[in-house]
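For clarity, every value in this text was computed on a predicted model and none was experimentally measured. Order of listing sets the numbers, starting from 1, for every ligand and every atom in it.
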Amino acid sequence: MSHGFDTLQIHAGAQPDPATGARQTPIYQTTAYVFRDADHAAALFNLQEVGFIYSRLTNPTVAVLQERIATLEGGAGAVCCSSGHAAQIMALFPLMQPGCNIVASTRLYGGTVTQFSQTIKRFGWSATFVDFDDTDAVKAAIDENTRAVFCESVANPGGYITDLDAISAISNDAGVPLIVDNTSATPYLCRPFEHGASLVVHSTTKYLTGNGTVTGGVVVDSGTFDWSASDKFPSLSQPEPAYHGLKFHETFGPLAFTFHGIAVGLRDLGMTMNPQGAHYTLMGIETLSLRMQRHVENAQKVAAWLEADDRIESVTYAGLPSSPYYDRVEKICPKGAGGLFTFAVKGGYEACIKLVNALEIFSHVANLGDTRSLIIHSASTTHRQLSPEQQKAAGAEPNMVRVSIGIEDADDLIADLDQALTQATA
Ligand SMILES: *Cc1c(COP(=O)(O)O)cnc(C)c1O
C-alpha cells in the first residue's frame with residue numbers, strides 16, 4: 001500500500017508499542033538489550049540476525065526515525081547520526097581510503113567547506129571544489145581517485161538550486177555516487193533519488209526537527225548504486241575482516257550501505273544519535289509538510305518585498321522570477337524554493353551589522369530551519385574562516401545577510417525588516 005507524504009510523515013516506521021500499546025513512539029532510554037540466550041547473542045554479533053545489541057549501534061526510537069526518513073526520501077535505508085557533520089563523515093567513510101578525493105560544489109554550508117577543505121585531509125582524503133553550474137568543470141574534476149560527488153539540492157547560503165539530473169548523469173558515467181545534502185530542501189520539497197542521486201545526507205538539526213531543539217544527522221541510501229561494479233569500493237564489495245570475511249554488498253544487496261553504516265560506521269566511529277534526540281525529531285517530522293508550505297509562502301512574500309525595496313541591492317531567492325535558478329525550481333523542487341536566501345544591503349558590511357542588531361523578531365543565530373525567523377551575517381560568522389574568493393564563490397560576500405524565514409505572520413516579518421533597515425541605512 002502506498003501512502004501520501006502527509007500520511008507517511010506521521011506513520012512511516014512506527015506502530016503502537018508492542019509491549020504497552022503506547023500510541024506515540026516511546027523513548028527507549030536504554031543502553032543495552034537482554035539476549036534471549038547465548039545463541040541469540042552470537043547470531044546478532046555475526047549479523048546473521050537483525051536485532052538490538054547496544055545503543056551505540058541501534059535503538060528502537062532511533063530506528064523508527066531512520067525508517068521514517070528513509071521512507072520520506074524514497075530510499076532503502078537510513079542511519080541516524082549525532083549531527084549533520086557526523087552524517088557527512090559517515091556517508092564518506094565507506095567510500096574513501098587514503099589518497100581518495102571527492103568533487104564538491106563551491107556552494108555549500110560554510111562548515112562543510114571547512115570540513116572538506118581542511119579536516120578530511122587528516123584522513124588522507126581531499127576535496128576538489130568546482131562550480132556545479134559548470135558541468136564541464138565537474139566532469140573534468142573527476143579523476144581515477146574520485147569516490148563521490150557532493151552538493152546541496154537547495155544550496156547554502158543563497159538558496160541556489162543545483163541541477164541534480166545533470167550532475168548525477170556525470171557521476172553515474174564516472175561510476176561514483178552522487179551524495180546530496182538535502183537539508184535546506186527536505187524530502188517534502190526535493191527528492192534527490194528521483195534525480196539520480198545515490199545517497200542523501202541531512203542535518204536533522206534543521207527543518208526535519210524544525211524547532212531548534214536538537215542536533216542530529218542522517219545518511220539515507222537509495223539502495224540502487226552498484227558497489228561491486230568496480231574495485232573502487234572495497235569496504236562494501238570485498239571481504240570485511242572484522243566480520244569473518246563477510247562481503248556487505250553481496251550479503252545485504254540494497255541494504256549494504258546501511259548495514260555497513262551501523263555495523264562498522266557507528267560501531268567504530270560512534271557518532272550515534274541518542275533516543276531523546278530522535279524523539280524530538282520524530283515530533284518535528286510529523287508536521288514537516290505543513291511547516292514547509294508556510295516557510296515557502298513566507299519566504300516568497302518576504303523576498304518579493306525586499307526585492308522591491310530601494311535599500312536592498314539584490315535578493316537571491318530562487319522563487320523570484322529574477323533569479324537565474326527560477327527555471328530549476330519546477331524541475332528540482334516543484335513545491336517551492338525553500339525558506340533560505342540571502343540579500344545584499346546598500347551600505348555594505350556596516351549596514352549588515354546594524355541590521356542584524358536592530359531586528360526584533362528575527363534572531364541573530366548560526367542556525368536555519370527553525371519555526372522562528374533567523375538571520376546571520378555569514379561573512380563575519382559561518383563563512384568567516386573562508387578566503388574572500390571562497391566567500392564570493394559560496395555567495396557569502398560581506399554586504400550580504402542570510403535569512404531563514406520562519407512560519408510567523410509574513411506581515412510581521414516584513415514590518416520588522418522595514419524598521420531594522422531604516423536604522424541600518426540611516
Ligand atoms: C547545519 C548544516 C550542516 C551541518 O549540520 P550539523 O547538524 O550542524 O552538524 C550541514 N549541511 C547543511 C546544509 C546545514 O545547514
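Aromatic ring pairs are classed by plane angle as parallel below 30°, tilted from 30° to 60° and perpendicular above 60°; the pair Y33 and F52 is tilted. Using bins of under 30°, 30° to 60° and over 60° for the plane-to-plane angle, the ring pair F225/F233 lands in the perpendicular bin.
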| message | Under the criterion salt bridge (charged side-chain N to carboxylate O under 4.0 Å, His left out), I'd like the reasoning laid out for D370 against K206: C-alpha separation, chi angles, the key distance, then a yes or no. | response | CA-CA 6 Å; D370 199 326; K206 313 293 167 54; over 6 Å; no
| task | Just do the side-chain hydrogen bond (donor to acceptor under 3.5 Å, both in side chains) check on N182 and E73 with the steps written out, would you? | result | CA-CA 10 Å; N182 202 28; E73 285 286 2; 2.9 Å; yes
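Shown here are the salt bridge (charged side-chain N to carboxylate O under 4.0 Å, His left out) partners of D131, two or more places apart in sequence or in another chain: R107.
Note: Y188 and F5 meet the aromatic proximity criterion, with ring centroids under 6.0 Å apart.
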Give a table of atom pairs where an N or O of ligand 1 lies under 3.5 Å from a protein N or O.
residue	atom	partner	partner atom	Å
ligand 1	5 (O)	S203	OG	3.1
ligand 1	7 (O)	G84	N	2.8
ligand 1	7 (O)	S203	OG	2.8
ligand 1	7 (O)	T205	OG1	2.7
ligand 1	9 (O)	G84	N	3.0
ligand 1	9 (O)	H85	N	2.9
ligand 1	11 (N)	D181	OD2	2.7
ligand 1	15 (O)	K206	NZ	2.8

